[in-house]
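Written out below as structure tokens is the structure these notes cover.
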Protein chains: 2
Amino acid sequence: MIEARPKTRSNNRREKIFDAAAVLFVEKGFSSTSIRDIAKATDMLPGSLYYHFSSKEDLLTAVFEEGVKRISESVDTALANASQDPWERLQAASEAHLSALLDGSNYAQVVVRILPSDVPGAEETLVLLRDEYESRFISLFNDLPIASDIDRSVQRLMLIGAMNHVPVWFRKGRDTPAGLAHKFISTLRYAQIGAEMTYDLPSGVKA
Amino acid sequence: MIEARPKTRSNNRREKIFDAAAVLFVEKGFSSTSIRDIAKATDMLPGSLYYHFSSKEDLLTAVFEEGVKRISESVDTALANASQDPWERLQAASEAHLSALLDGSNYAQVVVRILPSDVPGAEETLVLLRDEYESRFISLFNDLPIASDIDRSVQRLMLIGAMNHVPVWFRKGRDTPAGLAHKFISTLRYAQIGAEMTYDLPSGVKA
DNA sequence: TTAATAAGCAAACGTTTGTTTGGTTATCGG
DNA sequence: CCGATAACCAAACAAACGTTTGCTTATTAA
């Protein structure tokens with residue numbers, strides 16, 4: 001008695017289409033990826049894809065949303081399991097962020113690689129989705145016990161810029177999400193300690 | 001006696017074409033920018049542009065090269081005028097890098113916003129150009145007097161990622177290249193001091 | 001078994017794309 | 001003034017694009 005029967009009819013290729021789209025959008029960008037590219041990757045015909053979405057921009061938006069969902073869940077889960085220490089929480093979130101970016105599915109990478117301005121019809125939607133996700137890091141930085149004259153926004157944007165650049169140079173075997181998160185956060189953390197302990201340095205170094 | 005006479009016949013629209021292309025490539029991406037877009041921005045006909053370059057990819061490559069040239073010259077000039085102190089030199093280079101990115105011409109931004117994978121026919125060329133430029137930062141980080149157990153590559157890539165992300169959130173009036181360069185480099189520098197001075201911190205913080 | 005519908009095929013639509021071709025105008029050295 | 005050529009126009013090309021339409025197949029509930 002064979003059991004591998006689809007329970008519902010919608011156990012179809014929708015997922016495979018989204019997966020292929022995520023990979024192609026990240027590899028070649030949104031505009032350079034054609035519907036025919038996605039069709040070829042899923043062994044379907046171009047027109048058939050439109051049963052599952054109503055436009056190419058809708059497809060991108062759906063994949064983008066899935067990317068935000070996955071990276072958000074990754075971070076939220078990490079935070080739920082993290083300690084109360086603000087620095088440890090930031091590091092846990094960063095590791096989760098990097099892990100989602102590098103998990104091989106490319107969903108999360110869509111969020112950081114596809115510029116909203118590349119998708120004119122969905123620009124505001126994509127920006128809103130990204131901002132909602134990144135608000136987590138605003139909170140995390142607000143909780144840090146750092147000197148009042150330190151610019152938390154710049155620190156946050158520095159970290160986000162650094163993390164979102166990682167997929168460009170990441171090499172499996174050499175780097176790991178946990179190792180990189182540790183190095184990034186250590187840099188920010190030690191910078192606070194160094195700033196507190198330092199009262200005279202060559203000109204141009206003080207805050 | 002009117003002097004504003006063109007000295008040579010090639011005082012033409014080549015420059016205007018390149019300028020418009022740089023702006024459009026950054027604003028909408030390479031693939032989403034059509035030859036007709038550039039023609040419209042320069043008050044020319046699409047076919048006329050081909051007198052000045054032989055293909056759209058060639059145009060992008062030329063603009064990219066000009067971007068690399070400008071940001072390189074910006075950094076090289078800053079380094080020539082900088083002191084001998086390794087940290088001050090890194091900060092001067094970073095300020096020059098950011099200044100070039102934000103100078104309004106969009107040439108330098110092409111270098112950090114256009115992914116080589118978006119231009120299949122010129123991918124290797126673009127990567128080589130970018131790597132040659134970034135080699136300056138490899139040298140700058142090699143010259144830093146930091147602990148031997150610190151990963152200079154990660155520090156460098158962290159800085160480059162942070163800097164190249166700046167155009168996304170930069171706001172004139174609020175931020176300045178000099179101010180941001182100072183904050184970025186201070187973070188890296190204080191981190192070294194903090195690491196040296198710290199011997200016991202909560203778990204997960206040590207190098 | 002049958003009616004309903006989910007899922008996809010086959011083929012084409014009109015548009016936009018990068019690019020080419022042949023002719024036109026303006027500027028220049030001689 | 002004239003031949004040369006730099007610079008551009010006008011018009012079209014084939015290919016690729018996103019998308020639509022009508023039809024077929026497979027699965028399900030009754």
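Chain letters run A, B, ... following the sequence lines, proteins first and then strands; every chain starts at 1.
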Test for a donor-acceptor pair under 3.5 Å between the base of D:dG18 and the side chain of A:R36, counting only N and O atoms.
yes
Below the 4.0 Å mark, does C:dT19 have OP1 or OP2 next to a side-chain nitrogen or oxygen of B:Y50?
yes
Looking only at side-chain N and O atoms, does A:R13 come under 4.0 Å of OP1 or OP2 in C:dG8?
yes
Report the distance from atom CZ of B:F25 to atom C1' of C:dG18, rounded to the nearest whole Å.
12 Å
Phosphate OP1/OP2 of C:dA6 contacted by A:H52 side-chain N/O (<4.0 Å)
no
Can you see if the side chain of A:Y51 gets near the phosphate of C:dA7 - specifically, an N or O under 4.0 Å from OP1 or OP2?
yes
From C:dT19, D:dT19, C:dG8, pick the nucleotide closest to the side chain of A:I35?
D:dT19
Can A:R70 be said to sit on top of A:Y107's aromatic six-ring, NZ or CZ under 6.0 Å from centre and within 45° of the ring axis?
yes
With a non-hydrogen cut-off below 4.0 angstrom, is A:T33 in contact with a base, only sugar-phosphate, or nothing?
sugar-phosphate
Hey, is A:R89 close enough to A:D143 for a salt bridge, meaning N to O under 4.0 Å?
no
Within the 3.5 Å criterion, strictly below it, is a donor on A:S54 or A:D58 matched to an acceptor on the partner's side chain?
yes
B:K40 NZ - C:dT16 P separation (whole Å)
10 Å
Whole angstroms only, please: what is the CD1-P distance between A:I38 and D:dC17?
11 Å
State which of C:dT19, D:dC8, C:dG8 makes the closest approach to the side chain of B:M44.
D:dC8
Do you see a donor-acceptor pair shorter than 3.5 Å between the side chains of B:S139 and B:N142?
no
Side chain of A:S34 - closest among D:dG18, C:dC9, C:dT19:
D:dG18
